[in-house]
Every structure is written in structure tokens, then in C-alpha cells.
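Working notes for the structure below.
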Amino acid sequence: MLDIAQRRRRGLPPTDARLPLHWSAHAGYALPEGWHADAQSLFALFKPLLDRRGDAADWTIGQLGQSLDGCIATHTGDACFVNGPEGLVHLHRLRALCDAVVVGASTACLDNPQLTTRRVPGPNPTRVVLDPRLRVPADAKLFRDGQAPTLLVCHAAHRTQAEARLGADRVVALPAHPSGGAVLALPAVLAALRARGLRTLFIEGGGVTVSQFVQQGLLDRLHLIVAPVLIGAGHPGLRVKRSDAMADALRPPVRTFALGGDVLWDMDLRA
């Protein structure tokens, strides 16, 4: 899978004799016969991402882990750990296969994440923090550890302050959202990242950020991992626009995959 992602990034042909996969322009990649069932399941899960090439490489996938009752953390913010270790490995695989991983300011502040691929082989993606008003401390790990390129996306009004903190090459300053407030225009964010060559994007969190991408119709795919736990009155996970009638509810095509004791719901939001 890593070889396929690297070939996409370098603009190389989809396959060669060293890759044990078949390729067709119509159906994408396919595994030959004889592979173990676990390998076939893993390949099937990631195939929609692996097939991205050419113009189709402009693709955005989100991931969110939550409880049976729709929480990503307790009411105190404790999220260690809602999902099991298999979910963490899946998260790191998505990072390795995408050009950039994107998180919101709240996630960066609360978790102080590294956003690296330390649980799996593969390169670290470019790390992107959506921080319109510069809430994330300048000494956050992802700004200082040097493990991967890191970008800060902020309102244009804060450009000078952000560049003084991190350097002009690490700041993406965008106009405020027409609605005002501490909100970024997410289509402009995607366009700015793709202008930098970051075409396959992974929206990792948190719940508010992933939900905003879903609500604005900007995700091609969503991996929702549900753990067999009930938290009660915690921080909400995925939130979508309210439907007054079931006929109006978002009902995308889905596939399910077992991740240890958790269940991953793979949602095709472009069907």
C-alpha cells in the first residue's frame, strides 16, 4: 500500500512487476487470488484510497472514533482510550497513505498530538493545524519536534503574528469566513493545501472539525469507528445537519469492518 501511495505522489505509472497487484483504469487495483482473508479485508478497506490517481487524487477522507452513544470523550475530556489498539493502527495507516493530516485547534490544544506514523511503516504526512485565531501554543509538539513539515492555517488578520512564531513558509493565511467569527472557509483551506501539492487529505479530528467537513459536503469518505462502550453525557462525536423527516436523512452507502472489538463504518459520501 505504501508503494502505491508513493507512486501516486511521484506521478509514476500505477504498477510495475514488483507490485503483486493488478491494475485497470476502469476498476483500479485488485488482489490476485490466493491471499489470506485478513489481507483481502485490509486491501478492500483501503482500496478506495489506493485507487486515487490523476485528477482523482484530489480526495479527502475523514476518521472519527466514538462510543456506542456517540461520544468521543467523557465530559471531562478524557479520551484515553475510546477505541482499541487496532483503531490506533488504522489511524496511523491513514496518515502514512495520505499527503497531509488535518486537525482543528481544540484537538491540537487538548491532545498535543504528534500526528506521525510511529505505529506503522511509512512516511510522516505534512501536519496541518486549523487555528483561525492562534489558540494553539507556539511550543506544541508538532511545531517543535521537527518530525514532519507542519502548516498553520489562520485568519489573514493574524498572519504577521503567526509568521513571527513559525516563519512565513509554515503559515497559510486565509480570509475570514463570510459568516464571521472563529471559522475558516473550508473550501478555501482545501484549495490552499492542494496548491501546495497536498492532494490526498486526511481529516483526523476532532469531532467538531470532522463534522464541519461532513456538513459542508467536503468529505469523499468517512471512517467512523464505534467502540462497544457507553460514556454518557460526554463530548459529542459526529454531528450532521438536522433532518425533519427520515426521507431527508443522510444515508450513504456503507461497508463495515471489524477492528478488534470495534466496528469501522466506511461511508461513501460521494455516492
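Note that the coordinates shown come from a computational prediction; the quantities given were computed from them, not determined experimentally.
- Counting non-hydrogen atoms of other residues, nucleotides and ligands closer than 6.0 Å to CG of Asp55 gives a total of 12 or fewer.
- Put simply, the side chain of Asp38 never gets that close to the backbone of Gln40: no donor and acceptor are under 3.5 Å apart.
- Proximity of a side-chain donor or acceptor of Thr74 to a complementary backbone N or O of Asp78 within less than 3.5 Å is detected.
- Of the inter-residue distances, the one linking Lys241 atom NZ with Gln216 atom CD reads 7.5 Å to the nearest 0.5 angstrom.
- Within the 4.5 Å cutoff, no side-chain heavy atoms of Thr126 are placed close to those of Thr150.
- At a threshold of 4.5 Å between side-chain heavy atoms, the hydrophobic network of Ile, Leu, Val, Met, Phe, Trp and Tyr places Leu201 and Leu50 in two separate groups.
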Next on the checklist: Between Gln6 and Leu12, is the side chain to side chain contact (heavy atoms under 4.5 Å, CB included) condition met? List the steps.
Outcome noted: CA-CA 8 Å; Gln6 291 288 17; Leu12 298 174; over 6 Å; no
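- Checked by atom type and distance alone, the side chain of Arg95 pairs as donor or acceptor with a backbone atom of Thr116 at under 3.5 Å.
- In this structure, the side chain of Asp220 does not engage the main chain of Ile61 through any donor-acceptor pair within 3.5 Å.
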Next on the checklist: Under the criterion side chain to side chain contact (heavy atoms under 4.5 Å, CB included), I'd like the reasoning laid out for Phe213 against Leu222: C-alpha separation, chi angles, the key distance, then a yes or no.
Outcome noted: CA-CA 10 Å; Phe213 273 88; Leu222 175 64; over 6 Å; no
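- Here Asp145 contributes atom CG and Arg127 contributes atom CZ; the two are 4.0 Å apart, rounded to the nearest 0.5 Å.
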Checklist entry - What do the steps show when you test Asp268 against Arg255 for salt bridge (charged side-chain N to carboxylate O under 4.0 Å, His left out), and what is the final call? => result CA-CA 9 Å; Asp268 183 356; Arg255 304 180 299 166; over 6 Å; no
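- Side-chain contact annotation: Gln63 with Glu204, donor-acceptor N/O pair under 3.5 Å absent.
- Side-chain contact between Pro123 and Arg9 is present, with heavy atoms from C-beta onward closer than 4.5 Å.
- Leu42 is listed as a side-chain neighbour of Arg93, based on a closest heavy-atom distance under 4.5 Å.
- Judged purely by atom type and a 3.5 angstrom limit, Thr200 uses its side chain to pair as donor or acceptor with the backbone of Ala57.
- Formation of a donor-acceptor pair under 3.5 Å by the Asp266 side chain with backbone atoms of Val254 is not found in this model.
- Across Asp244 and Arg242, no two heavy atoms sit closer than the pair OD1-NE, 3.9 Å.
- Contact of the Leu264 side chain with the Leu45 side chain is registered, since non-hydrogen atoms from C-beta on lie closer than 4.5 Å.
- Checked options Arg199, Arg270, Arg8, Arg52; the residue passing with Asp58 is Arg199 (criterion: salt bridge (charged side-chain N to carboxylate O under 4.0 Å, His left out)).
- Taking CG of Leu88 as the reference point, atom CZ of Arg118 lies at 8.5 Å (rounded to 0.5 Å).
- The cluster map of Ile, Leu, Val, Met, Phe, Trp and Tyr, joined by side-chain heavy atoms under 4.5 Å apart, puts Leu91 and Ile203 in different clusters.
- Of all heavy-atom pairs between Val226 and Trp265, the closest is CG2-CD1, 3.9 Å.
- Of all the heavy atoms in Ala108 and Val129, the pair that sits closest is CB-CG1, 4.1 Å.
- Atom CD of residue Gln212 and atom CG of residue Leu184 lie 9.0 Å apart, to the nearest 0.5 angstrom.
- Checked by atom type, the side-chain pair Asp69/Ser67 shows a donor-acceptor distance below 3.5 Å.
- Panel note: side chain Ser41, backbone Ala37; no donor-acceptor pair is recorded below 3.5 Å.
- Using a 4.5 Å heavy-atom threshold, the side chains of Arg53 and Trp59 count as separate.
- In terms of heavy atoms, Arg135 sits closest to Ala105 at NH1-CB, 3.8 Å.
- Salt bridge annotation for Asp51-Lys47: present, with a cationic side-chain nitrogen under 4.0 angstrom from a carboxylate oxygen.
- For the pairing with His90, the ring-ring contact (aromatic ring centres under 6.0 Å, His included) check across Phe257, Phe46, Phe202 returns one residue only, Phe46.
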Checklist entry - Checking side-chain hydrogen bond (donor to acceptor under 3.5 Å, both in side chains) for the pair Ser243/Arg251: CA distance, chi angles, key distance, verdict? => result CA-CA 11 Å; Ser243 299; Arg251 197 186 295 269; over 6 Å; no
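- Interatomic distance, CD of Gln66 versus CG of Asp262, reported as 11.0 Å (0.5 Å rounding).
- In this structure, the side chain of Tyr29 does not engage the main chain of Ile4 through any donor-acceptor pair within 3.5 Å.
- Residues Ile225 and Val263 are not in side-chain contact: their nearest non-hydrogen atoms beyond the backbone lie 4.5 Å or more apart.
- A donor-acceptor pair is defined here as one N or O able to donate and one able to accept, closer than 3.5 Å; no such pair exists between the side chain of His22 and the backbone of Ala30.
- Leu94 and Leu49 make their closest contact through CD2-CD1, 3.9 Å (heavy atoms, listed as atom of the first residue, atom of the second, distance).
- Linking Ile, Leu, Val, Met, Phe, Trp and Tyr whenever their side-chain heavy atoms come within less than 4.5 Å leaves Val101 and Leu224 in two separate clusters.
- Both Val210 and Leu193 belong to a single network of hydrophobic side chains, linked directly or stepwise wherever heavy atoms of I, L, V, M, F, W or Y lie under 4.5 Å apart.
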Item to check | Test side chain to side chain contact (heavy atoms under 4.5 Å, CB included) applied to Thr160 and Arg165, step by step | outcome: CA-CA 9 Å; Thr160 301; Arg165 283 186 184 183; over 6 Å; no
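- Between Phe143 and Pro137 the shortest side-chain heavy-atom distance does not fall below 4.5 Å.
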Item to check | Steps toward side chain to side chain contact (heavy atoms under 4.5 Å, CB included) verdict (Leu198, Leu151) | outcome: CA-CA 11 Å; Leu198 304 172; Leu151 298 174; 4.0 Å; yes
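- Looking only at distances, a side-chain donor or acceptor of Arg144 sits under 3.5 Å from a matching main-chain atom of Ala138.
- Note that the CG atom of Leu269 and the CG atom of Leu218 stand 10.5 Å from one another [nearest 0.5 Å].
- Put simply, the side chain of Val103 does not reach to within 4.5 Å of the side chain of Asp111, judged on heavy atoms.
- A side-chain contact (heavy atoms from CB on, under 4.5 Å) with Leu174 is found for exactly one of Val189, Leu186, Leu130, namely Val189.
- Across Leu238 and Leu64, no two heavy atoms sit closer than the pair N-CD2, 3.4 Å.
- Under the 4.5 Å side-chain heavy-atom criterion for Ile, Leu, Val, Met, Phe, Trp and Tyr, Phe81 and Val120 are members of distinct hydrophobic clusters.
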